[in-house]
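I have placed the structure first, in the form of structure tokens, so that the comments after it can refer back to it.
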Amino acid sequence: MVKTRFAPSPTGFLHIGGARTALFSWLHARRHGGQFVLRIEDTDLERSTPEAVNAILEGMSWLGLDYDEGPFYQTQRFDRYREVIQQLLAEDKAYYCYCTKEELDALRAEQMAQKIKPRYDGRYREYKGAPREGVEPVIRFKNPLDGITVIDDLIHGPITFQNSELDDLIIARADGTPTYNFCVVVDDMDMGITHVIRGDDHINNTPRQVNILEALGAPVPKYAHVAMILGDDGQKLSKRHGAVSVLQYRDDGFLPEAVLNYLVRLGWSHGDQEVFSLDEMIRLFDIHDVNKSASAFNTGKLLWLNQQYMMEMPPEHLARHLSPHLGALGIDPSDGPDPVDVVREMACRAQTLKELAEQSAFFYVDPQSYDEKSAKQHLKPEAATPLAAARERFAALPDWQPEAIHAAVAEVAEALQLKMGKVAQPLRVAVVGRAASPGIDVTLQLVGRVAVLRRIDRALALLAG
RNA sequence: GCUCCCAUCGUCUAGUGGCCUAGGACACAGCCCUCUCAAGGCUGGUACAGGGGUUCGAAUCCCCUUGGGAGCGCCA
């Protein structure tokens with residue numbers, strides 16, 4: 001059975017690159033009816049934080065990437081790592097190395113100076129002497145000295161490494177704690193991981209891990225190394241790019257399904273299709289179809305996708321998603337039109353929930369000021385007549401429905417020999433505060449007659465000076 | 001420096017030797033629709049990094065160059 005894992009280290013939030021790796025792993029498992037496990041790689045006690053763990057868990061749950069096992073924490077598996085290390089030691093597949101950090105640094109500096117690849121020279125590999133005084137030894141893995149290790153990468157195809165290029169890596173520190181490359185191997189083995197999908201910055205670690213796996217007599221999983229994601233500017237993703245945490249996207253008003261859809265298309269495609277439901281992704285996703293090259297994150301396209309999702313989503317759902325963003329603006333929708341009706345009209349006019357809330361605020365609160373340009377253009381002295389005429393008709397309308405409102409506006413235009421725009425635009429600015437909104441009839445209907453009359457009066461007062 | 005990876009429009013990508021005078025999407029421009037802004041529809045411009053091969057034929061296969069990136073930790 002297929003079993004994949006996502007194994008972030010909790011030294012920061014779940015960023016967009018990690019989220020895509022998680023998505024690919026999740027998709028691969030789901031697609032094959034397998035299992036997906038979450039493992040927190042927190043062996044770096046210095047840099048791991050509980051806040052980061054929470055951020056990762058929260059990010060996963062917001063995206064809806066559920067796991068069948070875990071979260072496992074490597075810090076809770078130290079006994080198991082120690083056990084495997086002892087086994088390796090007993091089988092002469094690992095050994096104590098008494099080099100000090102200073103000696104290692106010196107060796108590295110020397111090699112760099114000679115312009116050769118810095119690496120451990122194996123000086124304690126066959127050491128049979130007594131433990132060196134005053135040095136807490138580390139434990140190193142005995143990497144094969146010759147031969148080749150081939151990774152048959154699902155994305156890249158075969159990648160060949162000379163074992164002679166690999167040195168004897170440290171699997172346990174002087175304080176006895178195990179290191180990353182070793183823990184990964186033990187965990188992948190114990191957890192029965194069949195497919196390792198991860199960033200391509202791990203390609204160079206893979207032959208070492210394969211060699212350890214083989215020393216342990218464990219089956220070697222299939223590997224798939226996914227290229228990294230670049231920032232909008234094509235540069236490596238960094239703090240400078242702003243919203244790098246997936247939770248930031250949530251707060252900025254993106255829908256998780258839009259983010260997922262955007263992410264899956266970064267490096268993967270299915271012909272010309274751009275929009276995929278979750279079910280389609282699961283059905284269509286194939287790790288073999290993933291691109292080898294890095295791709296740049298394009299916020300513009302995410303924005304477009306997010307809007308597509310907002311427009312397609314049932315208004316009832318959209319309204320629910322909108323409510324926290326309305327709340328953030330201090331708006332209580334119960335004071336005005338049903339958000340479901342608002343959202344039906346506004347979804348095609350905003351790209352994020354946050355923007356949707358901002359654009360929709362006028363339905364609930366009178367504009368605090370008029371957009372300068374719009375007011376200058378439409379709230380001119382000559383607008384007073386149509387505004388007043390419209391106000392009069394509105395006040396007398398027997399029923400406050402779009403059809404009636406539209407007819408009233410048209411009548412005013414005709415009576416005054418004006419084009420529709422000369423009536424609708426001043427009305428719009430007076431009621432909305434700016435020159436952009438849904439059709440004037442629905443807009444006014446939703447705002448409500450009382451508020452509309454009040455806002456017109458205010459504009460009229462302003463025009464009267 | 002050494003090892004490994006990568007290379008089609010500005011961006012995401014289609015393309016696995018002929019269907020490619022290179023297709024789609026985002027963005028951009030124009031037009032249509034129109035009471036505004038959107039949405040939607042239509043139209044347009046822009047790409048196979050360079051050089052060698054292989055082949056009747058190369059975006060597709062091979063080599064080199066160039067340019068990016070990663071790794072070379074008692075970090076993950």
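Naming convention: chains lettered A, B, ... in sequence-line order (proteins, then strands); numbering from 1 in each chain. In what follows, every heavy atom counts, from backbone to side chain, and hydrogens, waters and symmetry copies are set aside.
With hydrogens and angles left out, the side-chain atoms of A:Y124 and A:R132 include a donor and acceptor closer than 3.5 Å. When only modelled atom types and interatomic distance are considered, A:T177 and A:D175 share a side-chain donor-acceptor pair under 3.5 Å.
OP1 or OP2 of B:U13 sits under 4.0 Å from a side-chain N or O of A:S295. Phosphate contact (OP1/OP2 of B:C26, side-chain N/O of A:Q351, threshold under 4.0 Å): absent. Distances shown here put every side-chain N or O of A:N291 at or beyond 4.0 Å from the OP1 or OP2 atom of B:C6. Using a 4.0 Å cut-off, some side-chain N or O of A:H156 falls inside it from OP1 or OP2 of B:C6. Checking the phosphate oxygens (OP1, OP2) of B:A14, a side-chain nitrogen or oxygen of A:S269 falls inside 4.0 Å.
Residue pairs satisfying the side chain to side chain donor-acceptor pair (under 3.5 Å) criterion with at least one member in residues 382-392 of chain A, sequence neighbours excluded, are listed as follows: A:R391-A:D457.
For B:U46 and B:G23, the P atoms lie 11 Å apart once the distance is rounded to whole Å. Nucleotides B:C48 and B:C61 are separated by 15 Å at their C1' atoms, to the nearest Å.
By the 4.0 Å N-to-carboxylate-O rule, A:R458 lies too far from A:D366 to be salt-bridged with it.
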Just the atom pairs and distances: protein N or O near nucleotides 71-73 of chain B's N or O, under 3.5 Å.
unit_1	atom_1	unit_2	atom_2	d
B:G71	O4'	A:N204	ND2	3.4
B:C72	O2'	A:P118	O	2.4
B:G73	OP2	A:R108	NH1	3.1

Check nucleotides 20-24 of chain B for protein N or O atoms closer than 3.5 Å to its own N or O atoms and list the pairs.
unit_1	atom_1	unit_2	atom_2	d
B:G23	N2	A:D272	OD1	3.0
B:G24	N2	A:E274	OE2	3.0

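Cation-pi geometry between A:R434 and A:Y370 is not satisfied (NZ or CZ under 6.0 Å from the ring centre, within 45° of the ring normal). A:R198 forms no cation-pi arrangement with A:F6, by the criterion of a distance under 6.0 Å to the ring centre and an angle within 45° of the ring axis.
Pair assignment for B:G1 gives B:C72, based on Watson-Crick or G-U wobble hydrogen-bonding distances that are each under 3.5 Å. Both distances falling under 3.5 Å, in either a Watson-Crick or a G-U wobble arrangement, place B:G67 opposite B:C6. Judged by Watson-Crick or G-U wobble contacts below 3.5 Å, the nucleotide B:C19 has no partner. In this structure, B:A25 and B:U11 make a Watson-Crick or G-U wobble pair, each of the two defining distances being under 3.5 angstrom. With a cut-off of 3.5 Å on both pairing distances, B:A38 has no Watson-Crick or G-U wobble partner at all.
Not less than 6.0 angstrom separates the ring centroid of A:H317 from the ring centroid of A:Y309. Here the two rings, on A:Y95 and A:Y127, have centers that are 6.0 Å apart or farther. Checked against the 6.0 Å centroid threshold, A:F24 and A:F285 count as a close aromatic pair. Between A:W268 and A:F276, a ring centre-to-centre spacing shorter than 6.0 Å is recorded.
Within residues 410-440 of chain A, the residues having any heavy atom under 4.0 Å from RNA chain B are, by residue number, A:M420, A:G421, A:A424, A:Q425, A:R428, A:A435, A:A436, A:S437, A:P438, A:G439, A:I440. A heavy-atom distance below 4.0 Å to RNA chain B is reached by none of the residues of residues 353-366 of chain A.
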| said: Quick one, A:D168 with A:K142, criterion salt bridge (Lys or Arg N to Asp or Glu O under 4.0 Å). Give me CA distance, side-chain angles, the key distance, then yes/no. | reply: CA-CA 6 Å; A:D168 291 346; A:K142 266 193 182 176; over 6 Å; no
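Of the possible polar contacts, none joining the A:N143 side chain to the A:N211 backbone as a donor-acceptor pair under 3.5 Å is found.
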Distance-only donor-acceptor pairs under 3.5 Å for side chains of residues 293-302 of chain A, two or more places apart:
unit_1	atom_1	unit_2	atom_2	d
A:T299	OG1	A:D232	OD2	2.6
A:K301	NZ	A:E274	OE1	3.2

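Stacking of the aromatic ring of A:H225 onto the base of B:A70 is not found under the criterion of centres within 5.5 Å and planes under 30°.
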